[in-house]
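Values reported hereafter were calculated over all heavy atoms of this structure, with side chains retained and with hydrogens, waters and symmetry mates removed. Lettering of chains follows the sequences in order, A, B, ..., and the numbering in each one begins at 1. What you see is a predicted model; the values in this text were computed from it and never measured.
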Amino acid sequence: MHHETTIAKEALLRLDKANRVFRMGEVDVRALVEVDLTITKGEFLVVVGPSGSGKSTLLNLIGGTDRPTGGRVWHGNRELSSLTDDALTEYRRSVVGFIFQFYNLVPSLTAHENVQVATELVDDALDPQEALEMVDLADRADHFPAQLSGGEQQRVAIARALAKRPELLLADEPTGALDLPTARSVLDILQRLNRDQGITVVLITHNPAIAGIGGRVVRLVSGRVAETRVNEHPIAATDVAW
Amino acid sequence: MRVLHRKLIRDLIASAGVLLSVIAIIAIGTGSFVGLGSTQRILEASQAGYYRDYRFADFWVDVKKAPLAAVERIAEFPEITSLDTRVVFDVILDLEGEVKPLTGRLISTPARGFDQTLNGICLIRGSGFSDDRSEEVILSEAFAAAHGLEIGDRIKLILNRKRESFVIVGTAISPEYVYMVRGPGDLIPDPKHFGVLYVKDEYARDVLDFKDACNQVVGRVAPWAQGDIDILLDRVDRVLAPFGVLEITPRRRQASHRFLSDEITGLAVTAGIMPAIFLGVAALVLNIVMIRLTQRQRAIIGTLKALGYSNRSVMSHYLLFGVLVGVIGGLAGGAMGVGLAHVMIVMYEEFFQFPRFLVSYHTDLWAVGIAISVLFAVVGTVRGVLEVLRLHPAEAMRQKPPERGGSIFIERLPWLWRRLGFRTHMALRSVFRNRTRTATAITATALASAITFMALAMYDSFAFLVDYQFEAVAHSDVDIGMRDEASTLALFESRELPGVDYAESVLGVRCDLRHGRQARRMMITGLSADHRLTTPMDADFRPIRIPNDGLVLSRKLAAVLDVRVGDRLELTPVRGRRETKQVRVASIVETFLGMDCYADIRYLSRMVGESLAVNSVQLDVDPRETPRLYARIKQTPNARGLGVRADAKRNIEETLVETSVFSIGLMVVFAGVIAFGSTLNNALIEIGDRMRELSTLRVLGYRPGQIAGILFRQSLVTFSIGLLLAFPLGYAMIYLISAAYDSELYRLPVIVRSPIVAYTVGLALTFVLVAQWIVHRQIQKLDWLEGVNVKE
Ligand SMILES: Nc1ncnc2c1ncn2[C@@H]1O[C@H](COP(=O)(O)OP(=O)(O)OP(=O)(O)O)[C@@H](O)[C@H]1O
Ligand SMILES: [Mg+2]
């Protein structure tokens with residue numbers, strides 16, 4: 001047992017023949033089929049695949065916002081798929097930081113307050129101002145989402161996610177609605193958080209150009225893992241181009 | 001959670017329009033509940049307190065003249081705890097500067113301790129009787145106020161054929177005349193033409209020849225004997241019968257008491273029904289609003305959950321939202337209720353004279369009002385939030401699937417559907433797909449319009465009642481009651497009175513009518529064979545002629561006695577030899593005030609052993625001659641009372657207008673707020689829900705008015721259906737109310753005339769249009785650029 005802790009690539013999350021079927025009236029939509037996947041601590045994993053291939057579904061299973069209809073999802077030696085709702089909430093609270101394609105900020109709260117929504121949940125959170133500084137938005141703390149550009153809103157969302165000091169950052173198409181320079185700066189933040197603070201990042205994109213920044217790339221097709229590729233030399237987010 | 005509180009406050013402010021409209025509706029519900037409930041309790045407490053403090057009697061016995069020695073025998077009954085004797089005398093008053101002779105009721109009272117007797121009087125102004133002179137009078141306050149009479153003024157009247165002049169030494173009120181009417185036939189107090197005068201006992205007995213005698217006995221009955229009071233009063237009747245018992249009145253039939261108690265009962269019914277309707281609608285609307293407002297936060301709830309908020313903390317956050325809305329609504333309603341109670345008490349002060357109203361704050365009513373309001377706000381919130389919490393957070397963050405997407409039934413009529421524009425399509429789809437919301441809007445419109453309809457129809461039926469009683473049935477200008485029974489001579493004499501064009505003699509005889517176990521003591525009105533000044537009418541409003549023999553009963557009296565045309569009754573005149581005779585019910589007539597019983601005057605005279613007796617005359621008068629006529633009546637010792645039809649009619653009309661404008665206005669305003677509030681509410685929710693859709697139309701180049709038109713079409717659909725339902729519903733309400741008010745004192749005719757329908761539609765339409773105007777403004781202000789970019 002002792003030797004395992006010394007292994008560099010320690011497993012953070014593991015999907016074991018995970019299935020997710022959505023019942024839509026008469027038809028079953030098989031969003032994920034028998035997915036086996038291990039995510040190691042500190043890695044930067046990129047998930048690519050065509051629209052509807054199950055990327056978001058996979059992320060939701062990992063993030064504890066959804067449950068598999070078959071198979072298991074492990075966090076360390078805890079089986080997420082069998083946790084109670086309360087325990088799952090606790091998992092989301094202490095382990096996961098979510099970043100959404102459409103930011104999902106609370107419109108009636110300022111940038112600072114939106115970060116506070118997360119920091120009030122955990123004891124050792126960052127100061128919201130500090131988190132905003134990390135995404136270069138300290139001076140926009142008092143603005144409401146409607147007064148921020150898309151890229152700025154996404155940075156607030158990142159600040160909100162990282163302020164909880166999560167082990168795991170999950171980003172679902174965080175740059176999907178952004179232009180190239182804005183996208184670069186957002187990706188750069190994620191890359192630095194992964195590199196400097198060792199936060200595990202799972203990034204979803206259907207943009208192959210972005211895939212290059214990950215250490216490993218998983219490609220989903222029709223709910224199955226079609227390919228896993230290790231990127232020996234990830235490119236810098238600032239060099240992404242399309 | 002602190003930052004979420006901030007969100008809560010901002011969300012509340014952001015939905016201010018929707019919330020204000022729903023809070024207004026709740027406030028109407030809880031406000032009418034608290035207001036009507038408090039008013040009823042205040043009246044009840046004031047009545048009980050007054051009766052207790054001033055020893056309101058349990059029964060009255062009117063006799064021709066009973067020696068005090070005979071009364072002593074009654075006082076010995078163990079059931080009777082106290083007994084007072086007095087002299088009561090109706091007189092004609094002659095006021096300085098008043099052309100008309102007025103009717104007064106003289107009541108004798110001890111010079112000292114007049115507030116200690118049964119039916120003690122409560123001095124309002126002045127210092128009461130002095131030892132200086134005998135001719136002192138304490139006047140009923142309302143009468144004095146109506147005529148601007150002050151302490152020290154003089155008032156003249158004819159007593160026992162002598163003109164006497166009294167000094168006013170005080171004004172007062174009494175529990176006997178909380179509602180100051182002459183008797184059960186009167187509907188509304190008329191302090192301009194009727195007043196009560198309290199004079200010193202010794203003096204009254206002296207002047208009126210009642211030494212050691214009285215003509216009225218009042219008493220109180222021990223609590224344990226209250227249940228058998230009728231048996232007790234029968235025994236009293238037997239003891240006093242030799243002295244000519246005219247009338248025995250238990251408290252439950254005393255006019256003032258009955259009007260007051262009926263009012264309290266009516267108020268209790270109203271306080272039970274109206275707020276229930278208002279609260280019901282409020283609860284429905286509130287429920288829907290809270291469900292919508294929370295579901296609109298679906299994505300936020302999903303995000304909060306993804307961030308790690310637990311179901312419990314999300315729920316308690318939104319619960320706070322519901323509780324806050326509920327409490328604000330409840331408090332607003334409570335405050336409104338206190339205001340309403342205050343206004344109603346001010347109105348009641350005009351009709352009911354109390355030393356003071358026992359006003360208190362009924363916190364339990366507040367609590368119930370707030371609790372109901374909070375309950376429904378919370379139930380709506382919980383339902384809305386639970387629906388989202390049931391989902392996985394991932395699901396909640398996805399866009400909500402469209403509501404039931406199937407085609408609506410009109411789409412299956414292609415020839416019609418194609419003719420309608422796409423905006424009508426949008427409106428109709430929304431109406432049919434949001435079933436609960438549509439049902440609530442229809443319910444609110446239906447109830448609000450039904451209440452408006454009912455209120456207006458009630459006003460109309462009062463107007464009908466007044467016209468019927470004072471124009472269609474009664475035609476005489478002046479009625480004069482005479483003290484001593486006169487023969488036909490009186491009629492010829494009265495024809496000689498100045499200004500009299502035509503006169504008819506009338507005989508009123510108090511009789512006991514009995515049919516099986518049902519009995520009533522009634523004044524039977526004997527009309528002459530060719531009566532022209534009174535036209536009794538049947539249920540279809542066709543004139544009825546008084547037959548040569550038999551009785552004509554009003555519908556209510558027939559119902560009370562349980563008789564039909566052709567049935568036989570036992571009739572016993574309460575005078576003379578009191579011979580019981582069998583009489584036939586000849587026909588039944590419709591009256592709405594009191595209860596009437598007519599017979600031919602000669603037939604009635606024979607009942608009391610005379611060929612023709614007369615004790616009042618009805619006159620048709622030339623209006624130019626009335627001052628001279630009045631002057632003559634003032635000089636006539638034989639006149640004991642005077643009724644002027646025009647005055648009575650005007651008094652009722654004026655009072656009705658005043659009170660109806662208030663109570664009907666109040667109901668219409670309440671109903672209006674509900675109709676207006678729910679229409680507005682619906683439209684605002686719709687705008688919020690369809691922000692993106694409506695904004696897109698704006699971007700495409702539609703003008704705000706055209707977009708408001710979609711919502712207007714929707715309102716119009718629910719409004720029309722609601723209005724259609726309102727009329728049968730309103731008619732049912734009118735029917736119920738008329739049944740609830742069907743008493744021996746008065747009945748409400750159920751009539752619905754077409755202008756009322758038009759007014760109702762007009763009022764309802766006005767409220768809906770005002771709501772629509774606000775919607776239009778709202779759409780003009782819509783930040784549609786943001787709307788297109790809304791990300792949920
Ligand atoms: N809540 C749901 N109900 C029904 N079907 C769903 C639901 N969520 C996902 N699906 C279906 O599951 C499949 C996978 O969806 P998912 O959102 O994971 O795809 P994706 O790879 O993220 O696509 P995109 O790149 O467009 O975001 C799709 O066919 C989708 O329609
Ligand atoms: Mg996706």
Side-chain angles (χ1 to χ4, degrees), chain A residues 20 22 24 31 56-67 84-110 112-122 128 144-147 150 153 157 160-161 163-164 166 170 172 177, chain B residues 1-16 293 296-315 317-318 321 386 388-399 401 404-406 688 691-692 783-792:
Chain A
R20 181 63 168 101
F22 293 103
M24 296 292 288
S56 298
T57 307
L58 174 70
L59 203 74
N60 284 326
L61 293 189
I62 296 172
T65 49
D66 197 2
R67 291 170 185 275
T84 63
D85 272 352
D86 279 349
L88 205 58
T89 299
E90 177 53 35
Y91 166 76
R92 289 197 300 270
R93 177 184 299 201
S94 55
V95 178
V96 187
F98 260 108
I99 299 160
F100 310 95
Q101 178 174 2
F102 297 118
Y103 333 130
N104 289 18
L105 299 178
V106 179
S108 54
L109 294 179
T110 62
H112 185 272
E113 289 162 345
N114 262 291
V115 179
Q116 242 181 315
V117 169
T119 58
E120 283 186 3
L121 271 176
V122 289
F144 286 94
Q147 299 167 316
Q153 288 186 52
R160 179 176 66 184
K164 288 197 304 183
L170 302 179
D172 191 349
Chain B
M1 286 295 278
R2 276 164 295 130
V3 69
L4 285 189
H5 290 337
R6 223 170 303 164
K7 161 184 172 298
L8 182 89
I9 305 285
R10 289 184 198 145
D11 288 347
L12 282 174
I13 294 169
S15 323
L293 287 186
R296 206 176 278 167
Q297 303 228 334
R298 186 183 153 112
I300 295 181
I301 294 176
T303 309
L304 290 177
K305 287 220 60 192
L307 287 176
Y309 279 88
S310 63
N311 284 354
R312 204 166 349 96
S313 51
V314 170
M315 185 55 98
H317 167 70
Y318 284 95
F321 187 70
L386 271 187
V388 181
L389 284 183
R390 270 209 330 265
L391 308 172
H392 290 295
E395 174 95 44
M397 284 184 290
R398 288 168 63 98
Q399 253 202 40
R404 239 171 308 194
M691 189 76 160
R692 198 190 300 233
D783 189 347
W784 44 276
L785 267 183
E786 196 182 322
V788 191
N789 295 320
V790 178
K791 300 279 157 50
E792 283 191 62

Does A:L109 form a side chain to side chain contact (heavy atoms under 4.5 Å, CB included) with B:R10? I'd like the steps, not just the answer. CA-CA 8 Å; A:L109 294 179; B:R10 289 184 198 145; 3.5 Å; yes
Distance col, row A:D85:CG vs B:R312:CZ, nearest 0.5 angstrom, shows 11.5 Å
Hits for ring pair (Phe, Tyr, Trp, His ring centres under 6.0 Å) against B:Y318, two or more places apart or cross-chain, chain-then-number order -> none
Most contact-rich option vs chain B, by heavy-atom pairs under 4.5 angstrom, among A:N60, A:L105, A:L170, is A:N60
>> Side chains of A:S108 and B:I9, heavy atoms from C-beta outward: is any pair under 4.5 Å?
In response: no
By side-chain contact (heavy atoms from CB on, under 4.5 Å), A:Q101 pairs with (sequence neighbours left out) A:E173
Is there a side chain to side chain contact (heavy atoms under 4.5 Å, CB included) between A:N104 and B:M397? Walk through the geometry before answering. CA-CA 8 Å; A:N104 289 18; B:M397 284 184 290; 3.3 Å; yes
TODO: Walk me through it: do B:T303 and A:V106 pass the test side chain to side chain contact (heavy atoms under 4.5 Å, CB included)?
DONE: CA-CA 9 Å; B:T303 309; A:V106 179; over 6 Å; no
The interface call for A:F100 against chain B, heavy-atom contacts under 4.5 Å, is side chain
Turns out that what part of B:A14 lies under 4.5 Å from chain A's heavy atoms comes down to neither
One should read off an interatomic distance between B:H392 NE2 and A:R67 CZ, to the nearest 0.5 angstrom, of 6.5 Å
Original post:
After noting the C-alpha distance and the side-chain angles of B:L307 and A:R160, does the key distance pass the side chain to side chain contact (heavy atoms under 4.5 Å, CB included) rule?
Top reply: CA-CA 9 Å; B:L307 287 176; A:R160 179 176 66 184; 3.8 Å; yes
If one checks every heavy atom of A:D66 against chain B at 4.5 Å, the contacting part turns out to be both
Cut-off 4.5 Å, heavy atoms of chain A, and the answer for B:L304 is side chain
Applying a strict 4.5 Å limit to non-hydrogen atoms, the region of A:V117 in contact with chain B is both
Heavy-atom nearest pair, A:R93 first then B:G308, reads NE-O, 3.0 Å
